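Remember, it's a predicted structure, so these values are computed and weren't measured experimentally. Lettering of chains follows the sequences in order, A, B, ..., and the numbering in each one begins at 1.
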Amino acid sequence: MDKAYPFNEIDPKWQKYWKDNKCFAVDTKDTAKKFYCLMMFPYPSAALHVGHGRNYIIGDVVARYKKMQGYNVLAPMGWDAFGLPAENAAIKNNIHPRISTMNNIATMKKQLGAWGVCYDWSREVASCMPDYYKWTQWIFLQLYKKGLAYKKKASVNWCSSCATVLANEQVVDGKCERCSTEVEQKDLEQWFFKITDYAERLLTDLNKLKNWPERVKTMQANWIGKSVGVEIHFPIEGTEKQLTCFTTRVDTIFGATYMVLAAEHPDVPELIKDAKNKNEILDFIDEVRHENKESRLKDTLEKKGVFTGRYVINPVNGKKIPLWIANYVLMNYGTGAVMAVPTHDQRDFEFAAKYKLEKIVVIDDPKFSLDAQLMKEAYEKQGILVNSQQFNGMNNKEAMEKIADWMEEKGIGKRSIQFKLRDWLISRQRYWGAPIPMVYCEKCGIVPVKEEELPVLLPETVEFKPTGESPLKGNSDFVNTTCPNCKGKAKREIDTMDTFVDSSWYFLRYISPKNKELPFVKEDVDKWLPVDQYIGGVEHAILHLLYSRFITKVLCDMEHIGFDEPFKNLFTQGMIIKDGFKMSKSKGNVVAPDPLIEKYGADTVRVYTLFIGPPEKDAEWEDRAVEGSYRFLARVWRLVEALVEQNKTSVVPSKEITSLKRKTHQTIKKVTYCIEDGFRCNTAISGIMELVNDIYTCKDDTDITEAVHTTVLLLYPFAPHVCDEMWSMLGNERDLLKQKWPKYDEDIAKETEITMPVQIKGKLRTKVQVAPGIDESSLKELVLNDEKTKNWIEGKQIIKWIIVPDKMVNIIIKD
RNA sequence: GCGGGCGUGGCGAAAUUGGCAGACGCGCUAGACUUAGGAUCUAGUGAGGUGACUCGUGGGGGUUCAAGUCCCUUCGCCCGCACCA
């Protein structure tokens, strides 16, 4: 391939220039016209592929574009550096996680540089460094102080391979998200963050996020999962006790024919103490608890259950109904007790069919009467109440309210709200994470480490081989400590924190990354946040974004910060697909950026990555097509070379508006609009390509220099190296970052002639050239004088003219 | 099952939001320049037809002067969530 432009000289030259001149350094004291542009910080894995690149390149485009518009742009970068892969590598290859992580950071930093992606590296943070995790621990203590961090025994997902606990969210298809081992259940004492206290606010405040993608907000709302219903108390026959269940379908209460408890329900042992079939029940409970949670949530699960021998009383009609234990009810949702209405809930229907339990129709289909014996499936639609005493004849929506009122009056139930969202389990029995800053004292119990004692340093030497407990347990220097309270003998918490804690506040640290006294300065973060533009993958739509919102709200409530949503605008970019699949090492379809950058230069790879398709959508990578972007840049380069050779580099303002001048201004308008409206770099670049094509083919070269200057300015955010070089060649002051984004003149951009399509009865028949703003009668006359129009309407009667000014004409004729 | 999205040339895709379908790029064809061309420049490129024209945005139906865009229906694909009581 002919090297039409020397990118191998240009790229390093400008990358060095940007670095030496600290082009992206920002003074955070200067908040005039601030713009905080944040990209999700990466986990330092072995190497980046072109799919990762999309995120950083889009971010870099935004940063450069905003800078040219005169904003004081803060574009920091860091590393989400704690995590399991480094620990797994340590177990496998006996390399310390700190070393492999630092190596990976170095590699990735180099790769980012090779893309020409620029950050204010003086603000770099890494979550695995003591000066960072000190403050992650501080965050933990704040939550503890506020009663939002607590410990409880919980049935958790257990990965025997990683010898560690996984949050339910981290289990994929019943397997460990990271190592794909089959997940089991295990009981452990765990630290939790009480995110459920914020469920309502996390949900309602989604409305504040006007510039978040709808799909992300919908996903978060579904995850929080608010449901409104009624809590009903069922007395247990022969005891003074009662069982409480939650239902969203209180209208079906008269059809409850049995009740089901989760195997984990705390009242189960007491209830079955004297059961005849106690052994059978215990065996069943054991069996259920051995199934992993994930498979219990599948609809393919075969419903199984066992009768407890007990009965409960339906409080609305005094009906005695049997109490069962079944595998399809989970303790995690609602109260762990479900009133079963087989006629109007499909799960209950299947279960009742299997165990021959009673079915009563209480909601009738308005079209034809239902018969419980003949039903093939549950009737879950709207209908009219039957067999429901005084509520008979009401439609079920109305009945829901009336029954709830009546039950509240009689004290047998009350309206209630349930969330799907569960508390955030943050304990990890791992080494490579921030130690939880808590101490267990023989006398004082659980005691937090004093803030001034932070950080609780992660010891360097430990045995990594998993034992089922944190590797920290083996390090006695770490474990043995003194109580912050009584100075007596005490032991440290040996679990570390979930890495999502690290990443739920990093955007605050960037404002003052070196501050030793504080995690952040309130005054400064209040000025710089919320983040003006957050850019990242849609895979973080729920967990990371929800946790960050939660921590922000907690810090706001404690008056550490003065805002309660961290990210004002969110942009989630699509994945890059190769051969039909998401790029991944295991699929072997990863495209490395390095050889492409070597062959075509950084700008070509950037332009192609952006040109590939709309940024929020997935796009298919095609190696072959990269060449097109290279050709385009080389084409621009040759234009500049020609101008320099002909000594025509300075812009001579022309009086008249040539078609090239008009195109130039139209292009400024188009490119600006495309970037502003959803970072549509694909159409922005195609606009510049059109201008370049026009420059090549234009006959009159009056405004060529202006057009080329504009091209270089507009292209700069996408292809900064070659543009900076060309800008210098054109005799301008170095450094396009200091240039103003070009402005267009609406009068110049305006077309002087419009090609107006003429339709006859809705079909395109001809076109006429008209001046913009032409009046109706002149337009009609012009159209009627057109030869083709004459042919089409000859001898026919015109019924109607439809004229959309400056757009089109449609003539309706009678045949 | 529920929720969200998508379906446009040989390919990646445009379409200023109901107003000329296929911009721009890849690929392909031809010509020019060249010792040469896998460089570059110019032109062409949805299908059918010599042509006037006809047909074309997964399929079917509808609303409208006008539909890729709105409505109904159907098929296919992708993503998210899932026995949420």
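One interatomic measurement links the two molecules: CD of A:E641 to C1' of B:U40, which rounds to 13 Å at whole-angstrom precision. At whole-Å resolution of the value, CD1 in A:I811 and C1' in B:G19 are 15 Å apart. Rounded to whole Å, the distance from CZ on A:F611 to C1' on B:A14 is 10 Å. In this structure, A:M808 atom CE and B:C20 atom P are separated by 8 Å, rounded to whole Å. Distance A:R765 CZ to B:C65 P: 18 Å, rounded to the nearest Å. Spacing between atom OH of A:Y673 and atom C1' of B:U16 amounts to 5 Å, rounded to whole angstrom units. A straight line from CD of A:E746 to P of B:U16 spans 18 Å, rounded to a whole angstrom. For the pair A:N693 CG and B:U42 C1', the interatomic distance rounds to 12 Å; values are reported in whole Å.
Here the side chain of A:K807 is nearest to one of B:A85, B:C84, B:G19, namely B:G19. Side-chain atoms of A:Y696 lie closest to B:U42 of the nucleotides B:A85, B:U42, B:C81. In this structure, of B:C41, B:C55, B:G19, it is B:C55 that holds the atom nearest to the side chain of A:K763. Considering only side-chain atoms of A:W792, the nucleotide from B:A14, B:C53, B:A85 that sits closest is B:C53.
Using N1 to N3 plus N6-O4 or O6-N4 for Watson-Crick, or N1-O2 and O6-N3 for G-U wobble, each under 3.5 Å, B:A30 pairs with B:U42. With a 3.5 Å ceiling on both atom-pair distances, the Watson-Crick or G-U wobble partner of B:C77 is B:G5. Shown here, B:A15 forms no base pair; nothing in the strands shown gives a Watson-Crick or G-U wobble contact with both key distances under 3.5 Å. Across all strands shown, B:G68 has no partner, as no Watson-Crick or G-U wobble contact with both distances under 3.5 Å is found. Taking a pair to require two hydrogen-bonding distances under 3.5 Å in either a Watson-Crick or a G-U wobble arrangement, B:U35 remains unpaired. Pair check for B:G51 finds none; no Watson-Crick or G-U wobble contact set falls under 3.5 Å.
A salt bridge between A:R680 and A:E616 is absent, with no side-chain N of the basic residue lying under 4.0 Å from a carboxylate O of the acidic one.
Contact annotation for A:G225: no contact, since no heavy-atom pair falls under 4.0 Å across all strands. A:Q759 comes within contact range of at least one nucleobase, with a heavy-atom separation under 4.0 Å. A:T697 comes within contact range of the sugar-phosphate backbone alone, with a heavy-atom separation under 4.0 Å but no base atom that close. Looking at heavy-atom distances under 4.0 Å, A:D345 makes no contact with the nucleic acid at all. A:K800 comes within 4.0 angstrom of no nucleic acid atom, judged by non-hydrogen atoms across all strands.
Between A:R635 and B:U42 there is a side-chain polar atom (N or O) within less than 4.0 angstrom of OP1 or OP2. Contact annotation: A:S227 reaches the phosphate of B:A85 (side-chain N/O to OP1 or OP2, under 4.0 Å). In this structure, A:R638 reaches the B:C41 phosphate: one of its side-chain N or O atoms is under 4.0 Å from OP1 or OP2. For B:A14, one of the phosphate oxygens OP1 or OP2 lies less than 4.0 angstrom from a side-chain nitrogen or oxygen of A:N682. A sub-4.0 Å separation between OP1 or OP2 of B:A85 and a side-chain N or O of A:T248 is present.
What you find for A:F284 and A:G305 is that their closest heavy atoms are CZ-CA, 3.6 Å. Annotation for A:W324 and A:F351: closest pair CE3-CZ, 3.7 Å, computed over non-hydrogen atoms.
In this structure, B:G9 is classed as syn because its glycosidic torsion stays within 90° of zero.
If you check distances only, the side chain of A:K761 never reaches the base of B:C65 with a donor-acceptor pair under 3.5 Å.
Comparing the same atom, C1', in B:G9 and in B:A21 gives a spacing of 11 Å after rounding to whole Å. B:G37 and B:U16 have their P atoms separated by 43 Å, given to the nearest Å.
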Under 3.5 Å, N/O pairs linking protein and nucleotides 27-31 of chain B:
unit_1: B:G27; atom_1: OP2; unit_2: A:R631; atom_2: NH2; d: 2.7

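Taking the six-membered ring where the residue is Trp, A:Y600 and A:Y630 present tilted rings, their angle falling between 30° and 60°.
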